[in-house]
Amino acid sequence: MAARAYWQGQIRLALVSIPVEIYSATKSGAAVSFKQIHEPSGQPIHYDKVVTGVGPVDADEIMKGYEVSKGEYVLLEQDEIDAVKLESKKTLELTQFVDASEIDVLYYEKPYFVVPADDLAEEAFIVLREALKRTKKVGLGQLAMRGREYVVSLKPCGRGMVLETLRYADEVHKAQGYFREIPDDKPSEELLELAEALIGKRSGDFHPQEFHDRYVDALKDLIERKRKSNGKKIIEDKDTGGKTGSNVVDLMAALKKSMEKSGSAEKAPAKKAPAKRPPAKTAAKAPAKKRA
């Protein structure tokens with residue numbers, strides 16, 4: 001495997017230990033990064049490590065410190081931090097199993113692929129994977145990675161498994177504080193049926209490759225136009241259609257209009273489909289003549 005393992009250790013279930021390797025399941029997407037530039041000279045701005053009353057300092061003079069009181073720090077060297085003993089630094093012990101639906105989506109943070117570390121670990125790995133599939137459960141435990149201990153979930157994924165780091169309870173805001181002002185009204189049945197019909201018309205399979213970052217594309221286009229304009233300021237005032245003339249919206253009319261648009265959009269591909277068939281038939285006949 002070309003990628004470097006993010007974590008190596010073992011999954012422990014009671015007396016069974018399974019050596020595994022964990023790999024990041026995600027990567028950074030397209031992005032446009034900017035640097036701060038000193039306009040008169042056109043040179044990038046640098047950031048120096050500076051101590052008040054001392055001035056710039058070398059990197060080897062810098063230590064990590066924890067402030068225990070105002071202006072008082074406990075200094076720690078990196079090898080002291082690395083030497084902290086924690087069972088979960090090398091072992092993920094599955095201590096509980098729950099239904100996936102019991103874990104609120106707000107708690108999920110980042111996914112990782114989990115694979116057996118060697119051939120000897122494969123049998124136990126597969127047994128655990130299939131047991132999770134059959135019971136439809138998610139394993140829970142705690143795991144230390146890169147200077148922090150996480151609550152993690154473990155679930156089957158194809159031939160392997162996926163580990164997802166979870167946020168701790170004190171890291172998640174309670175939804176009630178944000179949703180309290182929303183009225184507990186019941187919508188009219190007609191409006192609800194129209195909305196359900198619209199959702200039904202636009203339902204389909206999830207194809208993540210169909211989505212891309214349009215903001216990044218627009219920034220790249222702006223950068224290219226700015227380069228060609230020799231520094232001339234470029235600001236476009238585009239109407240995105242997001243403004244409304246009134247706070248009062250005729251929801252029924254809007255839903256009906258959306259249904260009409262959705263219906264016309266679906267009819268278009270059906271008319272074009274027959275035009276693609278004749279070339280396929282012609283291509284099919286050609287090999288038959290060559291065989292003769």
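Given the structure is predicted, the values throughout are model-derived calculations rather than measurements.
- Note: Phe125 CZ to Met161 CE = 3.5 Å, rounded to the nearest 0.5 Å.
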Lys64/Glu77 under salt bridge (Lys or Arg N to Asp or Glu O under 4.0 Å): CA gap, chis, key distance, verdict: CA-CA 7 Å; Lys64 290 187 176 180; Glu77 296 191 27; over 6 Å; no
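- No more than 12 heavy atoms of other residues, nucleotides or ligands shown are found within 6.0 angstrom of CD on Glu190.
- Annotation: the span from Lys137 atom NZ to Glu102 atom CD amounts to 6.5 Å, rounded to 0.5 Å.
- Using a 4.0 Å cut-off between charged side-chain N and carboxylate O, Arg129 and Glu123 make no salt bridge.
- Each of Val114 and Leu120 belongs to its own hydrophobic cluster when Ile, Leu, Val, Met, Phe, Trp and Tyr are linked at side-chain heavy-atom distances under 4.5 angstrom.
- Salt-bridge annotation for Glu61 and Lys49: absent, with no side-chain N of the basic residue lying under 4.0 Å from a carboxylate O of the acidic one.
- Put simply, the side chain of Val162 reaches to within 4.5 Å of the side chain of Glu164, judged on heavy atoms.
- Residues Phe179 and Lys174 form no side-chain contact, since every pair of their non-hydrogen atoms from C-beta on lies 4.5 Å or further apart.
- Taking CG of Leu132 as the start and OG of Ser153 as the end, the distance is 10.5 Å to the nearest 0.5 Å.
- Between Ile11 and Leu94, the closest side-chain pair of non-hydrogen atoms falls below 4.5 Å.
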Stepwise side-chain contact (heavy atoms from CB on, under 4.5 Å) check, Leu92 with Val20: CA-CA 10 Å; Leu92 165 59; Val20 296; over 6 Å; no
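- Under a hydrophobic clustering in which Ile, Leu, Val, Met, Phe, Trp and Tyr are joined whenever their side-chain heavy atoms come within less than 4.5 Å, directly or via other members, Met145 and Val115 fall into different clusters.
- One finds the CD atom of Glu21 at 15.0 Å from the OH atom of Tyr6 (value rounded to the nearest 0.5 Å).
- Considering only heavy atoms from C-beta on, Tyr150 stays 4.5 Å or farther from Leu166 through its side chain.
- The six-membered or imidazole ring of Tyr73 lies away from that of Tyr66, with a centre-to-centre distance of 6.0 Å or more.
- Both Tyr168 and Leu106 belong to a common hydrophobic cluster when Ile, Leu, Val, Met, Phe, Trp and Tyr are linked at side-chain heavy-atom distances under 4.5 angstrom.
- Ion pair Asp99/Lys136 not flagged as a salt bridge, since none of the NZ, NE, NH1 or NH2 atoms sits closer than 4.0 Å to an Asp/Glu carboxylate oxygen.
- Other residues, nucleotides and ligands contribute only 12 or fewer heavy atoms inside 6.0 Å of the CG atom of Asp184.
- A salt bridge links Lys228 with Glu224: the closest approach of a Lys/Arg side-chain nitrogen to an acidic carboxylate oxygen falls below 4.0 angstrom.
- Put simply, the side chain of Glu130 does not reach to within 4.5 Å of the side chain of Pro156, judged on heavy atoms.
- When side chains are defined from C-beta on, Ser33 does not count as touching Lys35, because their heavy atoms never get closer than 4.5 Å.
- The closest donor-acceptor contact from the side chain of Lys89 to the backbone of Val84 lies under 3.5 Å.
- Of the possible polar contacts, none joining the Asp104 side chain to the Tyr107 backbone as a donor-acceptor pair under 3.5 Å is found.
- Both Val98 and Val172 sit in one connected hydrophobic cluster of ILVMFWY residues. Membership requires side-chain heavy atoms under 4.5 Å apart, directly or through other members.
- Neither side chain, Tyr178 nor Gln176, offers a donor N or O lying under 3.5 Å from an acceptor on the other.
- Leu154 and Phe113 sit in two unconnected hydrophobic clusters of ILVMFWY residues. Membership requires side-chain heavy atoms under 4.5 Å apart, directly or through other members.
- By the 4.5 Å heavy-atom criterion applied to side chains, Leu140 and Ile103 are counted as neighbours.
- Contact of the Tyr112 side chain with the Tyr23 side chain is not registered, since no non-hydrogen atoms from C-beta on lie closer than 4.5 Å.
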